[in-house]
Each structure stands twice: as structure tokens, then as C-alpha cells.
There are 2 protein chains.
Amino acid sequence: MFVMATTTTFPDVFHAIADGNRRKLMDLLGTGEKPVQELVRHFDISFAAISQHLNVLRAAGLVSRRAEGRKRLYRVTPTALREVHDWTEQYREFWQGRLDELGRYLERQEAEDKKGD
Amino acid sequence: MFVMATTTTFPDVFHAIADGNRRKLMDLLGTGEKPVQELVRHFDISFAAISQHLNVLRAAGLVSRRAEGRKRLYRVTPTALREVHDWTEQYREFWQGRLDELGRYLERQEAEDKKGD
DNA sequence: CATATATTTAAGTAATCACTTAAATGTCAA
DNA sequence: TTGACATTTAAGTGATTACTTAAATATATG
């Protein structure tokens, strides 16, 4: 029947960056615009697979491309990452200062009395 | 400047937060420790599905739980989000200031001459 | 022109995904 | 002890994933 779309509609930035190869692609483009062949060199997967990953990134708005002859030059346009950055930002206090210490302490406690596993 | 993201081995924090329901779970726990039934109330999916999502978050270290009677109290332990925050951080300059403007300008240019689509 | 180069798209596959319902586990309370 | 409650685990399903190879498209070069 009807399933409620609880959260973000596709294409989802969080999904786009979930894949390590796609993050690596973005990082490679972080040093500047590059053609696909130059990107492919850094991976063990096929040209087609890289092209598909670039499609996903492009659908999420994270990269753009321009034509130069038969080449396609990709560059990173990561403004959409702001959503991710902002979302994680609200948790920053947990890994900075007291709350993190408290968290680690509580986790140790749980590990010790192995309750609920 | 740009730090390469290696294709992470599972359990992967980026994967854990890729799902909107899981992010929503974390956000609900952000206001404090809660039993599963209290979390389930905010979703249209089954108790079991929520429990499974909590398992994924727990495997990624993003939440922890403790037993209290027959209840399991979950709380957010989002230190691992630091990896995500740090990764996005390196792109921050793109949505702040000139680079973003340049990016938008270039995208408009591409949209106009529809090259390579 | 024909052929090489650069890339994308199509089609197929195995693995993983997010869910479901049902059964299992553990705890509380009469 | 019996039964309700709180949650997890098991088993199954359809959709989506990340890849593959092959074919298609488009451009450059001899």
C-alpha cells in the first residue's frame, strides 16, 4: 500500500557519499578538474563503473562536467555537502569535551556487565 | 589540503547514516536516552524494522543501549560522525564565498550550451 | 573515409537493502 | 505459573546496489 516517504527524496546526498569509491572520486577532483580516464587510473574497477559513479554524484549535484573535445572534464561542486556538514555539526559537542568522555565511560560500563546481548 | 577517503571497510559510518530513518533515529535520541517503543511512535514502519535500524547504528558505534527492566534505553554516541564531519569540512570553502559563486556560474554556462547530455 | 580514442548507456548478475510477519527471548506483574 | 509487555532474531521478499561486458555515441586523426 502507501508507504510514507519519511525522509529525503532522491537523489540523496547522503546516499551519494555512502560509497567509498564515490568519496574517493570527489577527493581526486578536489585537486582540480579531471577527465574520466585520469580518474579511472586510481581504481581497479571498469571505466563504465566509474562513469556510473560519476552519474550518481552528478545527480546529487556533487560534481559537474564540461566537454572538451571527446573528453569530459569533471569537477567537484560540493555545495550540497553542506547538508551533511550541518547535520553532523549538531553532534560535534559529543566528540569535543565532556560528553564524549561520558559516552566512553558509559560504554565501558555496558561492555563490562554485558546486559542485553 | 585534500585528504583522501579510503574505501572504508564495514561497518561504515557513511553507510549507516545514508538511510533517512536512521538519521531520524539519531535525531530523536539527540534529545536524550529513549526506549525503542518511544522511538517507534515516530515512524510508520514496524517495531522490528526500527530494531534492525538500531542494530546498524549500533554496529557503526553511533548509538549505545543499556537495559532497564525489559526496556532497552538507547542513546546517541556519535563520536564516529567526526569522520563524516571532517571529510565534509574540507569542502566547506566551496559553499562559503567565491568558489561557490564560481561553481554556480559555471553550472549555468553548462546548462545553457547543453554540451554532453 | 576508416579507425582510434573517450565516454556513456544497455543489459545482465550477484549481493545487499529495507522492509515484512512470525517466532524467540527475557522481564514484569497478577 | 500464566500471561502481557518490550524487544530481538529469523526467515522471506521485492527493490536497489555495484559491478560486469558489450554496444552505442561522439570526436579526433591518418
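Residue numbers start from 1 in every chain, and the chains themselves are labelled A, B, ... in the order their sequence lines are given, proteins ahead of strands. Here the structure is a predicted model, which means the values were calculated and not measured.
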Residue closer to the 5' end of DNA chain D, Val36(B) versus His53(A) (nearest nucleotide):
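Between the two, 5'-proximity favours Val36(B).
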Report the residue (Ser51(B) or Asp19(A)) whose heavy-atom-nearest nucleotide on DNA chain D is the more 5′ of the two.
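Here Ser51(B) is the residue nearer the 5' end.
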Per Gln37(A) side chain, nearest of listed nucleotides dA6(C), dT20(C), dC19(D)
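The listed nucleotide nearest to Gln37(A)'s side chain is dA6(C).
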Phe47(A), nearest nucleotide to its side chain (from dC19(D), dT7(C), dC19(C))
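Selected nucleotide (nearest to the side chain): dT7(C).
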Distance test, side-chain N/O of [X] to OP1/OP2 of [N], below 4.0 Å:
X	N	value
Tyr74(A)	dA6(C)	no
Ser46(A)	dC19(D)	no
Arg22(A)	dA18(D)	yes
Asn55(A)	dT9(C)	yes
His15(A)	dC17(C)	no
Arg70(A)	dA4(C)	no

Distance check needed: [N] [atom2] versus [X] [atom1], whole Å only.
X	N	atom1	atom2	value
Asn21(B)	dC17(C)	CG	C1'	13 Å
Phe14(A)	dC17(C)	CZ	P	18 Å
Arg65(A)	dT7(C)	CZ	C1'	9 Å
Leu54(A)	dT9(C)	CG	C1'	14 Å
Leu73(A)	dT7(C)	CG	C1'	12 Å
Lys71(A)	dA4(C)	NZ	C1'	14 Å
Leu39(B)	dA6(D)	CG	C1'	13 Å
Asp12(A)	dT17(D)	CG	C1'	14 Å

Would you indicate whether Lys34(B), at its atom NZ, is surrounded by more than 12 heavy atoms from other residues, nucleotides or ligands within a distance under 6.0 Å?
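Correct, the count exceeds 12.
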I'd like to check Phe43(B) versus Leu25(B) (side-chain heavy atoms, cut-off strictly below 4.5 Å). Are they in contact?
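Of all side-chain heavy-atom pairs linking Leu25(B) with Phe43(B), at least one is under 4.5 Å.
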Whether the side chain of Gln52(B) and the base of dT20(C) hold a donor-acceptor pair under 3.5 Å is what I'd like checked.
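Yes.
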Determine the minimum heavy-atom distance between Ala18(A) and Arg23(A), stating which atoms define it.
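What the structure gives for the nearest pair is O-NH1, 3.1 Å.
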Are any side-chain N or O atoms of Tyr91(B) and backbone N or O atoms of Met26(A), one a donor and one an acceptor, separated by less than 3.5 Å?
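The answer is yes, because a donor-acceptor pair under 3.5 Å joins these two groups.
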Rounded to the nearest 0.5 Å, how far does OG1 of Thr88(A) lie from CD of Glu83(B)?
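Interatomic distance, Glu83(B) CD to Thr88(A) OG1, rounded to 0.5 Å: 11.5 Å.
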